[in-house]
Amino acid sequence: MKPNEYFYQGFRSMLPVTTGAIPFGAVVGTMCAEAKLTFAQAITMDHLLYAGAAQLASVELMSQKAAALVVVASGLIINLRFLLYSAAMSPLLQNSRTITKVACAYLVTDQSYAAMSAHQDKLKTPADSIQFYFGTAVCMLIAWHASLMAGYAFGNFAPTTWALDYAVPLSFLALVLPTLKNRNYIAVALFSSVVSVLLYQLPYKLGLIVTALLAIGFGAFLTRKKDPR
Amino acid sequence: MIPAFYFWTCVLGLSIGTFLIRYSMIGLSARVKIPARTRELFSFIPAAILPAFLVPVVFFHQGKVEWLHGKERLFVAVLAAVVAFWTRSTLAVIAFGLALLYALTQF
């Protein structure tokens, strides 16, 4: 697949979003160094797993010598949300080659999926969407690995007084708005906002996936077909 | 020091499991025809999950500015939503939000 204009559009749309990913990558890199992982271990884990929140949680659990099963299970619970992105992307990839599917799946992140869905209106065909998605994903991949390596080598370089951690939720705020196409979507977003606060205290960040599933259920309820009788 | 065998067991388990989660529905897509109703429900996914990243962070952060009683992130989010609505620009929202939060917490 040769990159076309949609690829570059996707790449560019992702540049501001990396403001949130870069300090997060620096934190994970710093943690890997503090947990005394070798550089090879840190970088191999980073490329194999490529899921920031799970990397952070599992490095922390491994330094506390948690049971391997606990490390794996809690990381996978954090990553369960990727199931939703995989589902949402599946209609676009129905007729793609296996290699494209594998690459798309490996590159799934919150940010790439959110960026693509925010621009869904101008992406007319599945091919355009996939190009755009790969653009966002490659941008994310570069920013993430580079910031993680820099964090490993130099420690946490992001100035803490800037509260750059807030760039991740802020980018999601910007990316969710274009997807709120009518009152049903707005209602689902409000439902998700309220439920996420109520469920925030659940362990293993379960609140996130449970909120998402309940909110989709709420969307299904709002758009249910009226009983024909 | 994390023992090497333990480390690689965890990393392989996590990596294989995570890839299978990511690939699951994409992999099934060729074999299963996706009904229109299911696609409609998939379109709710951004609205269903993205606010759940933002809103709890806004509510549960302990802030410093007294007159906002630790609600400065809430304040920033509300105004950032207005900026997002006007400009439709991710860059503008992030730049505005971070600048305002910095201003509220540092001065």
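Small disclaimer: the values here were computed from a predicted structure and weren't measured. Just so it is clear: chains get the letters A, B, ... in the order the sequence lines come, proteins before strands, and each one is counted from 1.
Here the straight-line distance linking atom CG of B:Leu54 with atom CG of A:Leu173 works out to 5.5 Å at 0.5 Å rounding. Atoms CG and CG, from A:Asn79 and B:Leu20 in turn, are 12.0 Å apart once rounded to the nearest 0.5 Å. Note that CD1 of B:Ile49 is 11.0 Å distant from OG of A:Ser117, once rounded to the nearest 0.5 Å. Rounding to the nearest 0.5 angstrom, the gap separating the CG atom in A:Leu37 from the CD1 atom in B:Ile2 is 4.5 Å. Residue A:Leu49 holds its CG atom at 11.0 Å from SG of B:Cys10, rounded to the nearest 0.5 Å. To the nearest 0.5 Å, atom CD1 of residue B:Ile26 and atom CD of residue A:Gln94 are 11.5 Å apart.
When heavy atoms are compared at a cutoff of 4.5 Å, A:Gln201 approaches chain B solely by way of its side chain, counted from C-beta outward. Using a 4.5 Å cut-off between heavy atoms, A:Leu84 touches chain B through backbone and side chain atoms alike. Heavy-atom distances place both the backbone and the side chain of A:Val102 under 4.5 Å from chain B. For chain B, the nearby part of A:Thr19 is the side chain; its heavy atoms alone come within less than 4.5 Å. Residue contact with chain A, scored on non-hydrogen atoms closer than 4.5 Å, involves the side chain of B:Leu101 exclusively. Only the side chain of B:Arg37 comes within less than 4.5 Å of a heavy atom of chain A; its backbone N, CA, C and O stay farther away. If you measure heavy-atom distances from B:Val83 to chain A, you find no contacts under 4.5 Å at all. Using a 4.5 Å cut-off between heavy atoms, A:Gln41 touches chain B through backbone and side chain atoms alike. For A:Asn184, the parts lying near chain B are the backbone and the side chain together; criterion is any non-hydrogen pair under 4.5 Å. Residue contact with chain B, scored on non-hydrogen atoms closer than 4.5 Å, is absent for A:Lys205.
The heavy-atom pair separating A:Leu170 from B:Ala80 by the smallest distance is CD2-CB, 3.8 Å. The heavy-atom pair separating B:Arg73 from A:Tyr166 by the smallest distance is O-OH, 2.9 Å. Taking all atoms of both residues into account, the shortest heavy-atom contact from A:Ala167 to B:Ile94 is CB-CG2, 4.2 Å. Here the closest heavy-atom approach between residue B:Ala47 and residue A:Ser192 is recorded as O-CB, 3.7 Å. Taking all atoms of both residues into account, the shortest heavy-atom contact from A:Val72 to B:Leu14 is O-CD2, 3.6 Å. Closest of all the heavy-atom pairs between B:Tyr6 and A:Leu61 is OH-O, 4.1 Å.
Other residues, nucleotides and ligands contribute only 12 or fewer heavy atoms inside 6.0 Å of the CZ atom of B:Phe85.
Chain A forms more heavy-atom pairs under 4.5 Å with one residue of B:Leu41, B:Val32, B:Leu12, B:Leu28 than with any other, namely B:Leu41. The greatest number of non-hydrogen atom pairs below 4.5 Å with chain A, out of B:Ile45, B:Val93, B:Leu91, is found for B:Ile45. In terms of heavy-atom pairs under 4.5 angstrom with chain B, the leader among A:Asp110, A:Val59, A:Leu214, A:Thr223 is A:Thr223. Your options are B:Ala95, B:Gly13, B:Gly27, B:Pro46, and the one with the most heavy-atom pairs under 4.5 Å with chain A is B:Pro46. Taking A:Phe172, A:Phe218, A:Phe191 one by one and counting their heavy-atom pairs under 4.5 Å with chain B, the maximum is reached by A:Phe172. In terms of heavy-atom pairs under 4.5 Å with chain A, the best-connected choice from B:Ala84, B:Ala77, B:Ser89, B:Ser43 is B:Ser43. Between chain B and the residues A:Ala174, A:Ala68, A:Ser193, the most heavy-atom pairs under 4.5 angstrom are made by A:Ser193. When each of A:Ala114, A:Ala66, A:Ala54 is checked for heavy-atom pairs under 4.5 Å with chain B, A:Ala66 comes out on top. Most heavy-atom pairs under 4.5 Å with chain B, from the set A:Leu69, A:Leu83, A:Leu175, A:Thr211: that is A:Leu83. Ranked by non-hydrogen atom pairs under 4.5 Å with chain B, the options A:Ala88, A:Ser63, A:Ala215, A:Ala87 are led by A:Ala87.
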(message) Test side-chain contact (heavy atoms from CB on, under 4.5 Å) on B:Phe7 and A:Met45; report intermediate values, then the result.
(response) CA-CA 9 Å; B:Phe7 172 80; A:Met45 175 182 186; 4.0 Å; yes

(message) Using side-chain contact (heavy atoms from CB on, under 4.5 Å), reason through B:Phe42 and A:Ser90 one step at a time and then give a plain yes or no.
(response) CA-CA 10 Å; B:Phe42 286 170; A:Ser90 60; 3.9 Å; yes

(request) Using the side-chain contact (heavy atoms from CB on, under 4.5 Å) rule, take B:Ser29 and A:Met89 through it: C-alpha gap first, then chi angles, then the decisive distance, then the call. (result) CA-CA 9 Å; B:Ser29 66; A:Met89 294 186 59; over 6 Å; no

(request) Could you please spell out the steps behind the side-chain contact (heavy atoms from CB on, under 4.5 Å) verdict for A:Tyr50 and B:Thr18? (result) CA-CA 9 Å; A:Tyr50 190 47; B:Thr18 299; over 6 Å; no

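Ring geometry for A:Tyr185 versus B:Phe44: interplanar angle under 30°, hence parallel rather than tilted (30 to 60°).
When side chains are defined from C-beta on, A:Tyr200 does not count as touching B:Val55, because their heavy atoms never get closer than 4.5 Å.
Of the possible polar contacts, one joining the A:Ser86 side chain to the B:Arg22 backbone as a donor-acceptor pair under 3.5 Å is found.
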